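See structure below.
Bear in mind the structure is a predicted one, so any value in this text is a computation, not a measurement. All values below were derived from every heavy atom in this structure, side-chain atoms included, with hydrogens, water molecules and symmetry-related copies excluded.
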Amino acid sequence: MAARCGGWARLCSLLALAALVGLGAGAKNYEDVRCKCICPPYKDHSGHIYNKNVSQKDCDCLHVVEPMPVPGPDVEAYCLRCECKYEERSSVTIKVTIIIYLSILGLLLLYMVYLTLVEPILKRRLFGHSQLIQSDEDIGDHQPFANAHDVLARSRSRANVLNKVEYAQQRWKLQVQEQRKSVFDRHVVLS
């Protein structure tokens, strides 16, 4: 199975392990059930928490608290003060949740690596340096969107999402530059 996954071999092996653990989850694991008794301080004995893997019917102070910290006549009074709870959990669910969380985290990490390393290389190869950087001199007074038309023609020839985003960004930059120019011209006229 790991051979089919290629670069995802580690992730696939973790998922395969989770599937195998899930198949054997029919019987309760001894770590998935426990009885927890919280005993407060009693006379000269400090409080203590006791855990033991016992069945639900045996979840009481007499079966869980070992060794008994008090002598024979005080056992009943000591046990009445203890609060015992039967706890059950699913370690398979916990493992699968952690695997899913780590998988999503790994995918986001790979996407971050792609955005920081691979995407700039692809942009340089597809667009070149001259198209990405435009100076104010390229924009004429009478035809502010002349270069945007060229970018639009190129983006239509390439049916690529990256080209469409780049075109929208170029158009937005041109519109902002035109707005700045008109605001400064109006400011000069008004003052």
What is the distance from atom [atom1] of [X] to atom [atom2] of [Y], rounded to the nearest 0.5 Å?
| X | Y | atom1 | atom2 | value |
| --- | --- | --- | --- | --- |
| Cys35 | Lys57 | SG | NZ | 13.5 Å |
| Ile98 | Ser103 | CD1 | OG | 11.5 Å |
| Glu87 | Arg34 | CD | CZ | 4.5 Å |
| Glu66 | Cys61 | CD | SG | 10.5 Å |
| Ile94 | Asp32 | CD1 | CG | 7.5 Å |
| Leu115 | Leu110 | CG | CG | 11.0 Å |

- Item | Heavy atoms from other residues, nucleotides or ligands near CZ of Arg81 exceed 12 (cutoff 6.0 Å) | yes

- Do other residues, nucleotides or ligands put more than 12 heavy atoms under 6.0 Å from the CD atom of Glu119? yes

Should [X] and [Y] be counted in the same cluster of Ile, Leu, Val, Met, Phe, Trp and Tyr side chains packed under 4.5 Å apart?
| X | Y | value |
| --- | --- | --- |
| Tyr86 | Leu62 | no |
| Val33 | Val54 | no |
| Val118 | Leu107 | no |
| Tyr42 | Ile38 | no |
| Leu102 | Tyr111 | no |

- Message: Let's go through Met112 and Leu109 carefully: what are the C-alpha distance in whole Å and the side-chain angles of both, what is the deciding distance for side chain to side chain contact (heavy atoms under 4.5 Å, CB included) to 0.1 Å, and is it a yes or a no?
- Response: CA-CA 5 Å; Met112 184 186 74; Leu109 182 66; 3.7 Å; yes

- Task: Kindly confirm or rule out an SG-SG distance below 2.5 Å between Cys82 and Cys39.
- Result: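 Yes, disulfide present: SG-SG under 2.5 Å.
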
- Message: Less than 2.5 angstrom apart at the SG atoms, yes or no, for Cys84 and Cys37?
- Response: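 Yes, disulfide present: SG-SG under 2.5 Å.
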
- Item | Min side-chain heavy-atom separation Val70-Lys43 under 4.5 Å |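 Of all side-chain heavy-atom pairs linking Lys43 with Val70, none is under 4.5 Å.
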
So which atom in [X] and which in [Y] form the shortest heavy-atom distance, rounded to 0.1 Å?
| X | Y | result |
| --- | --- | --- |
| Tyr78 | Met68 | CD2-SD, 4.0 Å |
| His63 | Lys52 | O-NZ, 3.3 Å |
| Pro69 | Val65 | CD-CG1, 3.8 Å |

- Task: Sort out for me which residue in Lys173, Gln177, Arg171 forms a side chain to side chain contact (heavy atoms under 4.5 Å, CB included) with Gln175.
- Result: Arg171

